[in-house]
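Let me begin by presenting the structure, written as structure tokens, before commenting on it.
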Number of protein chains: 2
Amino acid sequence: MPAATKTDWGSFALEKLQAAGFRRGGARTAVVEALADQDCAISAFELEDLLRERGGGVARASIYRALEQLADLGLLKRLEVCRGTTSYERVEPGGEHHHHAICADCGKLIPFEDNSLERAIDKIAGRMSFDVAEHDVVLRGRCEHCTR
Amino acid sequence: MPAATKTDWGSFALEKLQAAGFRRGGARTAVVEALADQDCAISAFELEDLLRERGGGVARASIYRALEQLADLGLLKRLEVCRGTTSYERVEPGGEHHHHAICADCGKLIPFEDNSLERAIDKIAGRMSFDVAEHDVVLRGRCEHCTR
DNA sequence: ATGACTGCAAAGCCTTTGCACGCAA
DNA sequence: TTGCGTGCAAAGGCTTTGCAGTCAT
């Protein structure tokens with residue numbers, strides 16, 4: 001039931017923001033609500049567009065500030081999709097997560113998950129003298145559509 | 001014998017550049033030679049510094065141009081280490097490659113390789129309707145030194 | 001009332017582009 | 001000689017910062 005997960009993230013994020021001492025400003029709340037609706041990573045630019053379409057436009061600076069705060073609290077994860085632009089994706093409270101295949105032609109993001117991949121990474125993390133907090137896996141190539 | 005591999009990459013790159021119709025300019029050659037000496041990924045900024053120290057300073061634009069050409073020919077791989085800066089790493093002709101753990105505190109890059117990780121990724125690639133050309137795995141956290 | 005939040009504009013940072021000169025072929 | 005390669009400076013694109021007005025608490 002993905003809808004429930006999304007709602008969960010939104011309220012979870014707002015609670016965590018409040019617990020961290022943030023007030024409930026309109027711009028940040030709008031950013032949280034927009035992010036709660038996304039299925040995959042979104043860039044600051046796309047988010048700005050989305051918020052403008054929704055009516056309550058939010059200043060670019062406020063968007064970046066909110067994204068940074070959310071990322072710092074561990075509520076968002078950064079992901080470089082196109083060269084030079086960062087996209088942001090929800091971090092689910094439960095820890096479930098996916099990785100991405102990115103089409104070099106059209107930029108499409110295709111999410112995937114795989115248990116044996118996670119196990120392999122956990123094993124590596126376990127034997128390294130490095131405190132692994134998170135991991136990214138990105139596949140690059142061409143999507144089904146662009147291959148033809 | 002890492003030294004041999006490095007030398008190999010340098011001549012391999014120069015040959016491939018020539019085969020692609022590029023002339024043998026001084027700036028690009030200096031970039032290739034500097035990259036041949038690196039043990040891990042390096043940013044354009046670090047490369048500029050390195051080349052300046054070596055005496056034959058190379059213009060920033062020429063560095064970026066060379067890096068782009070090398071990456072387009074598949075001789076370099078791009079890697080985002082710090083937020084907002086791209087680093088470049090040799091792609092070995094033999095296909096052997098490693099991944100990276102990146103310390104969030106000091107930025108240190110720790111390379112690692114793992115067969116079961118590669119196998120897991122190959123299996124995923126095999127069953128996706130996506131033409132996977134390459135993959136990145138990045139572990140983020142704190143290095144041994146910064147944990148203490 | 002106080003200080004956080006926001007919007008706007010300006011500044012920053014990395015990277016790319018335009019252009020004229022120099023060098024490889 | 002031709003036109004690719006290079007350096008310099010300017011422009012670009014994304015992101016961050018400064019500041020003054022506004023709003024949550």
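Reminder, nothing fancy here: chain letters follow the sequence lines and each chain counts from 1.
With W9(B) contributing its side chain and V32(B) its backbone, the two residues share no donor-acceptor pair below 3.5 Å. Proximity of a side-chain donor or acceptor of E46(B) to a complementary backbone N or O of S43(B) within less than 3.5 Å is detected.
A side-chain donor from one of T86(B) and R83(A) sits under 3.5 Å from a side-chain acceptor of the other. H98(A) and E89(A) are linked by a side-chain donor-acceptor pair at a separation below 3.5 angstrom, with hydrogens and angles left out of the test.
A27(A) comes within contact range of the sugar-phosphate backbone alone, with a heavy-atom separation under 4.0 Å but no base atom that close. Residue-level contact check: R28(B) touches the backbone only, with heavy atoms under 4.0 Å from sugar-phosphate atoms and none from bases. No contact: G21(B) has no heavy atom under 4.0 Å from any strand.
With sequence neighbours left out, R127(A) forms a salt bridge (Lys or Arg N to Asp or Glu O under 4.0 Å) with D114(B).
Summary of the strand contacts: R65(B) and G25(A) both lie near DNA chain C, and taking for each the nucleotide with the nearest heavy atom, the more 5' one is attributed to G25(A). Looking at which nucleotide of DNA chain C each of T29(A) and Q18(B) is closest to, the 5′-most match is held by T29(A).
As a whole-Å value, the separation of R23(B) CZ from dC23(C) P is 13 Å. The distance from atom CZ of F22(A) to atom C1' of dT6(C) is 14 Å, rounded to the nearest whole Å. Spacing between atom CZ of R24(B) and atom P of dA25(C) amounts to 8 Å, rounded to whole angstrom units. Rounded to whole Å, the distance from CZ on R60(A) to C1' on dG7(C) is 12 Å. Taking atom CG of D49(B) as the reference point, atom P of dC14(C) lies 12 Å away to the nearest angstrom.
Ring planes of H97(B) and H135(B): perpendicular class, angle over 60° (limits at 30 and 60°).
By the neighbour-count criterion of 12 heavy atoms within 6.0 Å, atom NZ of K108(B) is sparsely surrounded, having that number or fewer from other residues, nucleotides or ligands. The number of heavy atoms from other shown groups lying within 6.0 Å of CD (E134(A)) is above 12.
A heavy atom closer than 4.0 Å to some atom of DNA chain C occurs in R83(A), these being the qualifying members of residues 67-86 of chain A.
Reading DNA chain D from its 5' end, the first and the last nucleotide to sit under 4.0 Å from a heavy atom of chain A are dC14(D) to dT25(D).
No option in V58(B), I63(B), L17(B) other than L17(B) meets the side chain to side chain contact (heavy atoms under 4.5 Å, CB included) test with R28(B).
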